[in-house]
Amino acid sequence: MTNKSMDKIMALAKRRGFVYQASEIYGGINGFWDYGPLGALLKKNLRDAWWRDVVQNPCRGALGPNGEPVRMLPLDTCIIQHPKVWEASGHIAGFNDPMVDCRETKARYRYDHLFVYVPESGDTQGKPVFCFMPDSPSEAKQKKKAEKAFGAIRSVPLSSIPKEEWPRVLAPEAEKPGSLTEPRAFNLMFKTYVGATASEDDVAYLRPETAQGIFVQFKNVLDTTRVKLPFGIAQTGKAFRNEVTPRNFTFRSREFEQMEIEFFCHPSEAADWYRFWRDARVEFWKRVGLAGENLVLREHDRDELAHYAREGAGTSDVEYRFPFTAPGFGELEGIAHRTSFDLAQHQKHARVNLEVFDAERGELLPNGARKGEKYLPHVIEPSAGLDRGVLALLCEAYTEDASRPSPELLRLHPELAPIKAAVFPLVNKDGMPEISERLHAELTRRFCRLGPIEHDVKQSIGKRYARMDEAGCPYCFTVDGETVTSQTVTVRDRDTGAQERIALDRVSDFLAERLGPG
Ligand code: GAP
């Protein structure tokens, strides 16, 4: 797939009402996208598939590493939390300023704190320039090197060096030039005010992840249900990040939806649960239609890990090869062993005890009972992006086939397809519309819980098939002249374009066999 096909996917997404630019009639607003009728259905279907797989029938009944069914509880927490939640989580301190990382030394710097020694004349003669932090040992060291290379020098802010010249910037403690990453803004949180006065005391934030709502309610869930560790809490919902460079269609948006699990377990079992969830989550994405070589699981290198995760079993990303990342991959979902970092932070900041007591652990007593153990659970977090999931499904499903009357189609998995089936009369007369209306009503009654069944009487039959191919509708049933005499209809398969005749009274069961019972 190339970038050219990304343009075509975006054009189809707009034309067929999957995704619109937000506030389009006002010129749009960067980083925000709305879902049209077909997009809203596709997004709901993916969210529902996740919910079924995670909450209603966790991992489709697979046993966890403890040999027991996976326990999972749902939750729905607020977008706006107490501002101290974000202090505890590290989002206020850590998401604060544009930062640059040195890939060689792993040091992180405030972008606006870095300066560079360049020749007084401005002509670098293609040589490296020397970056330093004022009032740090790097200042004198880099000055010496710069004077040796250029003679007379002056210092300028790193921000004044054009990005094309960054490969020649030698970072403060680095050996080789070109190790600095692009600056990234760390305070990505949207600020708002709670209450009428809008003073600094009323500042609140739109959540940048749904996860913290789960940590904050962990103890309530434990105390108000009969759940026992190990167990997970799952929720879906909007998250907001004021991304510096929103791009690649919906891939990096400022408002997006997450589907997150926080799975709580004993620290000694965390490595097993980490591996379990990593594999379970890849299976999910394969099942919804990303089964090919465009899907990979990538284990993070040790030095990529967040500081708390370094003590843990690891972090992996489920990645998809989007047209704009090809031949590379982009993250769909991260699975991280977060140790007890978040619970420990909330315990400290809220001054509440979030430890659990497990009576079945601890030393064996002479009477055969256990002494019990108090501990702060470890957490495995599979955190997926719904919008990125929808985008990956669209990219994977998008197919061009010039030999067909409809050269563009979406090969969406029937479970995910926004429109489940369509019913057409071949022509809008001769008793055909009456039969097709009856069939449409019957199918709608049975399958409306899964999604809409379309009924279309206008345009040529070829055009109606083409419209359904572009919408990703897997089956079209056509009532024709023969239906009246033989009580049969044709069923057309979207992926092959092949048609077969089946009995009119078999249509509903035919669909149930392919979509589920409805
Ligand atoms: N609680 C952990 C967490 O939020 P993350 O890797 O920052 O981890 C999880 O986000 C997922 O959310 C990502 O894998 C991605 O699918 C999605 N996501 C993150 N930022 C996004 C953005 N700006 N636009 C769309 N999706 C995003």
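Whatever order the structure lists ligands and atoms in, that order sets their numbers, starting from 1. Below, all heavy atoms of this structure are taken into account, side chains as well, without hydrogens, waters or symmetry copies.
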J.: Just which atoms of ligand 1 are under 4.0 Å from any heavy atom in Glu260?
T.: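 Answer, ordered by atom number: 1 (N), 2 (C), 3 (C), 4 (O).
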J.: So, Gln212 and Asp342: side-chain donor and acceptor under 3.5 Å apart, yes or no?
T.: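 On atom types as modelled, these side chains qualify, holding a pair under 3.5 Å.
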J.: Suppose we screen for side chain to side chain donor-acceptor pair (under 3.5 Å). Which residues come up paired with Ser199, at least two apart in sequence or across chains?
T.: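 Scan of Ser199 (side chain to side chain donor-acceptor pair (under 3.5 Å), adjacent residues dropped) gives Asp202.
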J.: State whether Phe284 and Arg287 meet the cation-pi test: NZ (Lys) or CZ (Arg) under 6.0 Å from the six-membered ring centroid, and within 45° of the perpendicular axis.
T.: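 No, a cation-pi geometry is absent between Arg287 and Phe284.
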J.: Looking only at distance, does Pro208 have an N or O less than 3.5 Å from an N or O of ligand 1?
T.: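 N/O-N/O distance under 3.5 Å: no.
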J.: Give the numbers and elements of all ligand 1 atoms closer than 4.0 Å to a heavy atom of Glu243.
T.: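 Heavy-atom distances to Glu243 below 4.0 Å select 22 (C), 23 (N).
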J.: Check this for me, if you would: do Glu408 and Arg15 make a salt bridge, where the nitrogen-to-carboxylate-oxygen distance has to be below 4.0 angstrom?
T.: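 Looking at Arg15 together with Glu408, the answer is yes, because their closest N to O distance falls below 4.0 Å.
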J.: Enter the distance from Phe447:CZ to Lys420:NZ here, rounded to the nearest 0.5 Å.
T.: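 Phe447 CZ to Lys420 NZ: 11.0 Å, rounded to 0.5 Å.
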J.: Would you mind telling me if ligand 1 is within reach of the side chain of Arg254, the backbone, both or neither, using heavy atoms under 4.0 Å?
T.: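 Under 4.0 Å from ligand 1, Arg254 contributes no heavy atoms.
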J.: Looking only at protein heavy atoms, which one is nearest to atom 12 (O) of ligand 1, and how far off is it?
T.: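 Result: Gln258 NE2, 3.3 Å.
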J.: Give me the nearest non-hydrogen protein atom to atom 17 (C) of ligand 1 as residue plus atom name, then the distance to 0.1 Å.
T.: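 The protein heavy atom lying closest is Gly385 CA, 3.7 Å.
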J.: Looking only at non-hydrogen atoms, which of Arg388, Glu319, Glu262 approaches atom 15 (C) of ligand 1 most closely?
T.: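 It is Arg388 that holds the nearest heavy atom.
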J.: Which residue holds the protein heavy atom closest to atom 25 (C) of ligand 1, what is that atom called, and what is the gap in Å?
T.: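 Going by distance alone, atom 25 (C) of ligand 1 is nearest to Phe251 O, 3.1 Å.
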J.: Which is closest to atom 14 (O) of ligand 1 in terms of heavy atoms, Arg338, Arg252, Glu331?
T.: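 Looking at heavy atoms only, Glu331 sits closest to atom 14 (O) of ligand 1.
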J.: How about Thr77 and Gln235: does a side-chain donor come under 3.5 Å of a side-chain acceptor?
T.: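 Side chains of Thr77 and Gln235: pair found under 3.5 Å.
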J.: Check Glu283 with Lys286, please: is the shortest side-chain N to carboxylate O separation under 4.0 Å?
T.: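 Looking at Lys286 and Glu283, the cut-off is met.
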J.: Say whether, by atom type as modelled, one donor and one acceptor occur between the side chain of Arg494 and the main chain of Gly472 under 3.5 angstrom.
T.: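 Looks like yes, one N/O pair under 3.5 Å.
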J.: Is Ala384 in polar range of ligand 1, meaning some N or O pair under 3.5 Å apart?
T.: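 No; every N/O pair is 3.5 Å or more apart.
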J.: Considering only heavy atoms of Glu381, which atoms of ligand 1 have at least one such atom less than 4.0 Å away?
T.: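 Numbered from 1, ligand 1 contributes 1 (N), 2 (C).
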J.: Just by distance, with hydrogens left out, do Glu396 and Asn294 show a side-chain donor and acceptor under 3.5 Å apart?
T.: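 Looking only at side-chain atoms, Asn294 and Glu396 do form a donor-acceptor pair, the distance falling under 3.5 Å.
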J.: Which of the numbered atoms in ligand 1 are below 4.0 angstrom from a heavy atom of Ala211?
T.: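 Listed by number with element, the hits are 1 (N).
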J.: Please enumerate all residues that pass side chain to side chain donor-acceptor pair (under 3.5 Å) together with Asp358, with sequence neighbours excluded.
T.: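 Once residues adjacent in sequence are excluded, the partners of Asp358 under the side chain to side chain donor-acceptor pair (under 3.5 Å) criterion are Arg361.
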J.: Taking only heavy atoms of Leu332 into account, list the atoms of ligand 1 that are under 4.0 Å away from them.
T.: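 Checking each atom against Leu332, I get 14 (O), 16 (O).
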J.: Quick check for you: to the nearest 0.5 Å, what is the distance between Arg47 atom CZ and Leu42 atom CG?
T.: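 Going from the CZ atom of Arg47 to the CG atom of Leu42 covers 10.5 Å.
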J.: Going by distance only, is there an N or O of Phe256 that falls short of 3.5 Å from an N or O of ligand 1?
T.: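 Min N/O separation from ligand 1 is not below 3.5 Å for Phe256.
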J.: Show the atoms of ligand 1 that are less than 4.0 angstrom away from any heavy atom in Ser253.
T.: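 Those of ligand 1 that fall under 4.0 Å from Ser253 are 22 (C), 23 (N), 24 (N), 25 (C).
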J.: Do me a favour and list the nearest non-hydrogen protein atom to atom 7 (O) of ligand 1 with residue, atom name and distance?
T.: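 Result: Arg241 NH1, 2.8 Å.
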J.: Looking at atom 11 (C) of ligand 1, what's its closest protein heavy atom, distance included?
T.: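 The closest heavy atom on the protein side is Ser383 O, 3.8 Å.
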